[in-house]
Amino acid sequence: MPRPASGHRTAVALLRAETDRARGGAGRLVVVRGATGTGRTTVLDAAAEDAAARGIRTLRVRCSDHDTAHSFSAVRRLLAPVTEHDGPTTDTDEQAGADLLWRRLRGYADDGPVLLAVDDVHLADDASRSWLVEAARRIDRLPVLLAVTERSQYDVDPPSPGITHALAPGLVRTCVLAPLPAEAAAALAGSARPGASAAWLDACARAGAGSPLLLRALLEDLEGDPAEAVPETCAALYPGAYPQAVSWWLHSAGPMTEAVARTLAVLDEGRTRPAGAGGAGADDAIGLADLLAETAGADPSRVSGWLTAMTRLGVLRPDDDGRPRYAHPLFRDAVLTGAPTDRERAIRRRLARVLLCRGAGVQVVAGQLLRADTVGAPWGRMVLEEAAALASRDDRRDDAVALLRRALDEPTTDDQRQALLVELGSLEYAVGLTASALSRLAQAARLAGEPPTRMRAAVALGAVLAGLGKTRAAVDTLREAIGELHERPDLTSVMYSAVALFADEDRTVRQEVYDWLNGIAARSPGLIGTTAHALLARNAAAVGLTSADETMRRLRALLAEPADPMTQSFLVGTVADVAQWADELDEAERLVERGLNGQPPLLLHPIRDVLLDARADVLAARGDLAALLAEDAALPTAPGRAGVIAVQAHAVVALVETGRVREAARRLSGIHLTDARNSRRLLRFLYARGVLRMAEGELAVALHDFLEFGRRLPSREMVSPVVAPWRVAAVECHLALGNRQEALELAEEELRLAEVWSTPRTRGRALRGVAQATGGRHGLALAREAVRLLREAPAEADLVAALIVQGHLLISVGERGRARDSLREAAERAERQGAVRLRTRAEEALRTGGARRRASAVRTGVGALTGSERHVAELAADGRTNAEIAGLLHVALRTVETHLTSAYRKLGIKGRRELRESLNEGKDADG
């Protein structure tokens with residue numbers, strides 16, 4: 001038997017003293033009160049053993065709620081054997097039974113002192129309790145000590161009167177057992193594990209909740225466990241004495257207290273704060289009490305009192321905000337573990353409803369619904385969907401997936417279910433659950449929802465199929481949906497646009513689709529919609545049929561037409577893509593931001609990939625290597641994933657240009673280009689690999705990659721230089737390998753096509769290639785024209801390359817002074833860009849020309865800033881916000897942030913407060 005804790009020895013001493021008093025013929029009632037598990041039974045057993053050891057007759061009984069069926073059940077067992085009236089006592093002879101039992105006690109007392117030890121008297125039957133109360137009035141002149149234990153814990157359930165409520169105070173001695181103090185609990189835990197850390201002892205004390213019973217059960221479970229920390233879940237305990245003890249503790253408190261305790265455990269688990277609750281302290285506790293009471297159907301005043309009592313007992317502790325919480329997570333888990341699953345789920349459902357009615361946020365409510373049973377009402381699905389939208393907006397996509405999966409358990413119409421499946425499938429695809437996404441979207445496509453929802457389902461399914469390389473299946477899905485929704489031209493126009501975009505991934509399918517769309521456009525121009533006409537214009541540019549000016553005029557006219565909200569993002573993305581081809585980079589950036597901001601957050605939208613590609617292409621055209629690498633570093637998805645391929649491919653080239661060739665090789669090693677087949681986006685990596693191999697000196701294999709890139713383009717007619725400068729790169733390889741004729745043929749083909757598109761960037765780049773292949777004075781003239789054109793273009797890297805070619809040609813014709821000027825300019829521009837490879841080429845050419853590069857101070861300081869960086873920095877120094885600068889310069893906010901970050905690095909400062917001083921110092925140095 002456990003020995004009484006040191007805090008209980010006062011009660012044992014009192015009982016010993018009262019036993020001595022009873023031996024002198026003056027009996028009395030002694031009541032030992034305490035909360036569940038505080039050691040009442042241990043104290044009573046110790047007193048009984050002490051009395052028996054001293055020769056006192058000791059009669060014991062432990063009452064139970066099973067005793068209530070028969071009158072005097074507890075007293076009969078206490079005074080047994082009773083030879084008369086062994087059967088149940090009826091109301092008519094209850095007094096006779098009481099008299100018989102009294103005579104039996106008097107008989108014992110005549111033989112000597114008697115200790116009557118009654119444990120848990122609050123569970124005794126009514127007749128026994130009445131008899132014991134009457135006995136307490138009559139034993140004052142008998143050698144009888146009546147010692148009883150009584151539970152005196154504050155419960156939510158209304159309490160029943162105690163045994164002393166009808167007795168005069170002089171007839172009773174009462175001792176209340178306090179909760180086990182933290183120091184005593186730690187000492188008890190320390191005796192079980194000598195040398196344990198203070199943190200472990202403190203955790204044991206908190207999990208024991210001031211109860212010797214719970215603490216001993218916990219120590220039993222932890223015996224032999226070498227862990228340095230007390231577990232937070234009951235699953236880690238063996239043999240499970242602790243959760244069983246907590247379940248008994250709850251059962252003893254009554255059903256209403258049990259319901260409130262489990263509701264609190266559910267709240268505590270999610271660290272949920274009741275809506276409308278005030279700050280720390282009493283107001284917070286009152287708000288919590290009301291929430292618990294409403295959920296459990298209890299009296300709020302009783303719940304408030306219970307929270308206070310449990311805090312004093314040690315079961316609860318206030319957190320930093322003053323809100324009562326379970327003292328240790330293990331106790332909270334034990335409270336939940338003891339509840340059947342269906343009961344816990346019902347608690348969560350009721351709690352969710354109460355939280356919603358009290359104005360809690362949807363994410364708080366949805367957190368309960370995730371583990372609740374089906375609500376069966378529209379509000380359940382609506383809350384889960386809204387919480388999923390918020391989670392997706394905050395980039396918590398895994399949470400959004402869980403919420404939408406739970407929403408599918410709620411009753412829905414076909415249209416609601418179809419919309420749910422589209423959102424869920426889109427998110428699952430975004431987090432890499434491709435098989436599940438495909439299944440959801442296929443199911444969505446089969447449902448007979450409203451036409452707009454059916455359109456979104458078809459587009460989303462097509463996007464996943466195209467992303468998996470199943471272009472034919474994607475196109476067929478959309479064409480079938482177009483046939484089903486032919487009476488809704490507002491919807492079919494969206495799908496025509498999606499078909500064109502999906503077809504870009506496969507050479508054969510692309511040709512078929514554009515032939516099909518051109519045929520429809522010729523017969524019924526209004527049928528395919530504005531965006532499809534924009535895509536046809538884009539295609540005409542890609543196949544080398546139209547100039548930049550002509551194409552942009554046509555696209556701007558389409559953009560100015562009344563916008564259909566459903567196709568607006570397709571149109572904006574298409575124009576943005578072509579605008580960066582046409583060197584209208586600021587316009588392209590604005591359109592990209594406009595398109596991305598207009599994207600539905602949970603819909604798989606095929607234009608999103610085009611927008612992301614266009615943004616990366618703009619950065620590459622500007623030669624903004626730092627911004628490209630920063631954007632690549634921020635990507636959450638794996639290499640080669642649709643929607644980020646352009647950024648990753650450009651990042652490989654940026655790594656090469658910044659001299660990080662090994663890192664570029666590592667990045668490419670995870671991309672299996674043999675799987676690219678005719679995929680337009682994966683082909684970007686083929687071009688990037690060619691750049692890498694050329695930097696590594698593997699010219700023959702680099703040439704193969706560039707030529708293979710051209711061969712694999714989605715259509716043999718897709719020849720325009722706007723697609724990628726693969727011919728110019730191949731020209732360099734041919735020349736390095738001594739294949740001048742092949743180089744010249746490719747360069748002249750590039751120039752012919754560039755003249756059609758007729759932008760400074762494409763023409764200047766093509767002229768550079770022809771100049772290299774031609775050589776001599778004629779080649780020099782072409783190179784000078786290339787430099788002139790590229791100075792007008794927003795293409796810094798192409799200008800640097802042209803300056804280097806011009807420098808080489810100047811050296812070859814003996815104009816070394818002019819060559820040095822050209823090459824020094826190239827080196828300095830490359831340095832400002834951070835383009836290590838181009839700078840190295842310029843410096844090598846300088847040495848070839850018999851000159852050493854002049855030392856410069858452009859790596860850091862104001863002189864290192866590009867024109868755009870300096871302009872942005874000056875506006876920021878004048879106090880403009882990033883948003884204001886973006887508006888003034890008509891650029892994207894992201895561009896402003898990138899320029900400022902680069903400026904801070906080059907100026908060696910930490911923020912905009914230091915900008916003005918640094919810029920002024922630069923002006924002084926220039927002066």
Side-chain angles (χ1 to χ4, degrees), residues 414-415 418-419 421-423 425-426 429 437-438 440-540 558 561-574 599-600 603-610 714-715:
D414 277 356
D415 187 64
Q418 191 172 45
L421 287 166
V422 170
E423 293 181 37
S426 301
Y429 184 66
L438 195 58
R440 306 272 189 201
L441 293 171
Q443 182 184 350
R446 291 192 295 268
L447 290 174
E450 295 298 319
T453 313
R454 290 165 62 190
M455 179 273 294
R456 286 192 289 270
V459 171
L461 177 58
V464 172
L465 289 169
L468 296 174
K470 300 178 180 180
T471 308
R472 175 73 67 184
V475 168
D476 289 347
T477 296
L478 268 295
R479 292 184 68 167
E480 181 180 350
I482 288 170
E484 293 173 355
L485 298 174
H486 66 277
E487 295 181 354
R488 291 290 303 270
D490 57 325
L491 303 179
T492 56
S493 63
V494 176
M495 292 187 283
Y496 280 123
S497 303
V499 166
L501 290 170
F502 296 152
D504 272 351
E505 296 301 316
D506 184 279
R507 178 171 59 198
T508 304
V509 176
R510 185 182 191 281
Q511 190 62 54
E512 292 176 9
V513 165
Y514 275 94
D515 288 346
W516 173 61
L517 287 176
N518 277 312
I520 296 173
R523 295 190 305 272
S524 306
L527 185 62
I528 62 174
T530 303
T531 302
H533 281 289
L535 286 165
L536 290 174
R538 173 176 172 265
N539 181 62
L558 291 171
E561 292 183 8
D564 180 348
M566 300 191 75
T567 59
Q568 181 71 8
S569 57
F570 281 97
L571 180 59
V572 168
T574 302
Q599 287 290 303
L603 180 64
L604 266 179
H605 205 300
I607 204 63
R608 179 177 175 79
D609 291 355
V610 175
S715 168

Can you find a heavy atom in the side chain of Phe570 that is under 4.5 Å from one in the side chain of Thr530?
no

Salt bridge check, Arg472 against Glu512: does any charged N sit closer than 4.0 Å to a carboxylate O?
yes

Any side-chain donor-acceptor pair under 3.5 Å between Gln511 and Asp515?
yes

Could you tell me whether the side chain of Thr471 reaches within less than 4.5 Å of the side chain of Arg510, counting heavy atoms only?
no

What distance separates Leu478 CG from Leu485 CG, expressed to the nearest 0.5 Å?
10.5 Å

Rounded distance [0.5 Å steps], CE in Met495 versus NE2 in His486
11.5 Å

Just wondering, do Tyr496 and Leu535 contact through their side chains at under 4.5 Å, heavy atoms?
no

So CG of Leu465 and CG of Asp476: to nearest 0.5 Å the spacing works out to 9.5 Å

For residues Asn539 and Leu517, determine if any side-chain heavy atom of one lies less than 4.5 Å from a side-chain heavy atom of the other.
no

Leu461 CG to Lys470 NZ distance, which is reported to the nearest 0.5 Å
10.0 Å

Val509 versus Val475, closest heavy-atom pair with distance:
CG1-CG2, 3.7 Å

Reported CG-to-OG distance for the pair Leu571 and Ser497, which is rounded to 0.5 angstrom
8.5 Å

Nearest heavy-atom contact between Ala437 and Gly425 is CB-O, 3.2 Å

Criterion side-chain contact (heavy atoms from CB on, under 4.5 Å) on Thr477 and Phe502, from CA distance to verdict
CA-CA 11 Å; Thr477 296; Phe502 296 152; over 6 Å; no

Correct closest heavy-atom pair for Gly462 and Ala474 would be O-CB, 3.3 Å

If you define the side chain from C-beta out and look only at heavy atoms, does anything of Leu438 sit under 4.5 Å from Leu468?
yes

Which heavy atom in Leu491 sits nearest to a heavy atom in Pro452, and how many Å separate them?
CD1-N, 3.7 Å

Could you pull out the closest heavy-atom pair between Pro525 and His533, with the gap in Å?
O-NE2, 2.6 Å

Distance, nearest 0.5 Å, that separates OG1 of Thr453 from CG of Asp415:
3.5 Å

Which atom of Val494 lies closest to which atom of Met455, heavy atoms considered:
CG1-SD, 3.7 Å

